[in-house]
Amino acid sequence: RLAAAARGIAPPCAVQLPYSVVRRDWVEAPAMTAALAAAGAGLIPSAVLEGGALSGKYAGATAGRLADQLGDPTVAAAVAAGERLAALAGALGTAPATLATAFALAAPSTASVLVGATSPAQLDESLAAVRLLARLTGDELARVRSVA
């Protein structure tokens with residue numbers, strides 16, 4: 001806010017940052033939390049499915065957008081978290097992508113979430129996150145956090 005004021009421009013109203021079950025550090029860092037609050041800016045999480053790794057579709061798969069990166073430790077960790085997220089989603093009666101998107105929506109400063117869909121079914125899973133978030137308990141959200 002101060003930097004914008006010093007330049008005579010309006011402060012940012014939103015910031016787009018990667019934020020997911022497995023990548024929380026930027027958004028949840030105290031400095032970022034303070035900066036968002038000081039600017040009065042909302043968060044627009046992106047990469048909430050980590051390129052599909054959190055969708056559960058890579059469990060045992062060898063094809064897909066991330067197939068050539070499955071040996072990368074960061075991607076492998078996201079895929080493993082995706083498998084745990086899929087199990088939790090099943091217990092909650094929802095899709096892993098829906099649960100991952102609801103997690104991003106639950107961040108206190110979230111204004112909206114960027115999602116990508118290559119089919120109507122994927123869009124439906126993303127939209128279902130709004131309804132899911134309305135019924136998730138604090139304990140269930142804590143369980144989602146624990147998959148990473």
Is there a side-chain contact between M32 and L17 (heavy atoms, below 4.5 Å)? yes
Nearest heavy-atom neighbours spanning A47 and S20: O-CB, 3.6 Å
When rounded to the nearest 0.5 Å, the distance separating CG of L99 from OG of S55 is 12.5 Å
Can you pull the salt bridge (Lys or Arg N to Asp or Glu O under 4.0 Å) pairs that have at least one residue in residues 26-50, sequence neighbours excluded? R23-E50, R24-E28, E28-R145
Please tabulate, for side-chain N and O atoms in residues 127-135, each donor-acceptor pair with protein atoms closer than 3.5 Å (sequence neighbours left out).
unit_1 : atom_1 : unit_2 : atom_2 : d
R135   : NH2    : L92    : O      : 3.1

Given side chains that start at C-beta, do those of L114 and Q16 come closer than 4.5 Å, heavy atoms only? yes
Does E125 offer a backbone N or O that forms a donor-acceptor pair with the side chain of T98 under 3.5 Å? yes
Ring pair (Phe, Tyr, Trp, His ring centres under 6.0 Å): which pairs involve residues 84-123, sequence neighbours left out? Y19-F103
D72 and T74: which non-hydrogen atoms are nearest, and at how many Å? OD1-N, 2.8 Å
L54 side chain near V22 side chain, heavy-atom distance below 4.5 Å: yes
Are L136 and L88 joined in one hydrophobic group, where the rule is that I, L, V, M, F, W and Y side chains link up if heavy atoms are under 4.5 Å apart? yes
What's the spacing between L43 CG and S112 OG if we round to 0.5 Å? 9.5 Å
Is any side-chain heavy atom of V15 closer than 4.5 Å to one of P12? no
Just so I know, are the side chains of V27 and T33 near enough to count as touching, which here means a heavy-atom distance under 4.5 Å? no
Quick check: closest heavy atoms across T110 and A104, and the distance to 0.1 Å? OG1-O, 2.8 Å
Closest approach of G42 to A111 (non-hydrogen atoms, all atoms of both residues): CA-CB, 4.2 Å
Judged by atom type as modelled, is there a donor-acceptor pair below 3.5 Å linking the side chain of T101 to the main-chain atoms of A97? yes
Would a hydrophobic clustering, with Ile, Leu, Val, Met, Phe, Trp and Tyr connected at side-chain separations under 4.5 Å, put V147 with V79? no
For Q122 and T118, test the side chains for any donor-to-acceptor distance below 3.5 angstrom and give the result as yes or no. yes
Closest heavy-atom contact between A117 and L123? CB-N, 3.7 Å
Give a yes or no on whether the backbone of G116 and the side-chain of S126 come within a donor-acceptor separation of less than 3.5 Å. no
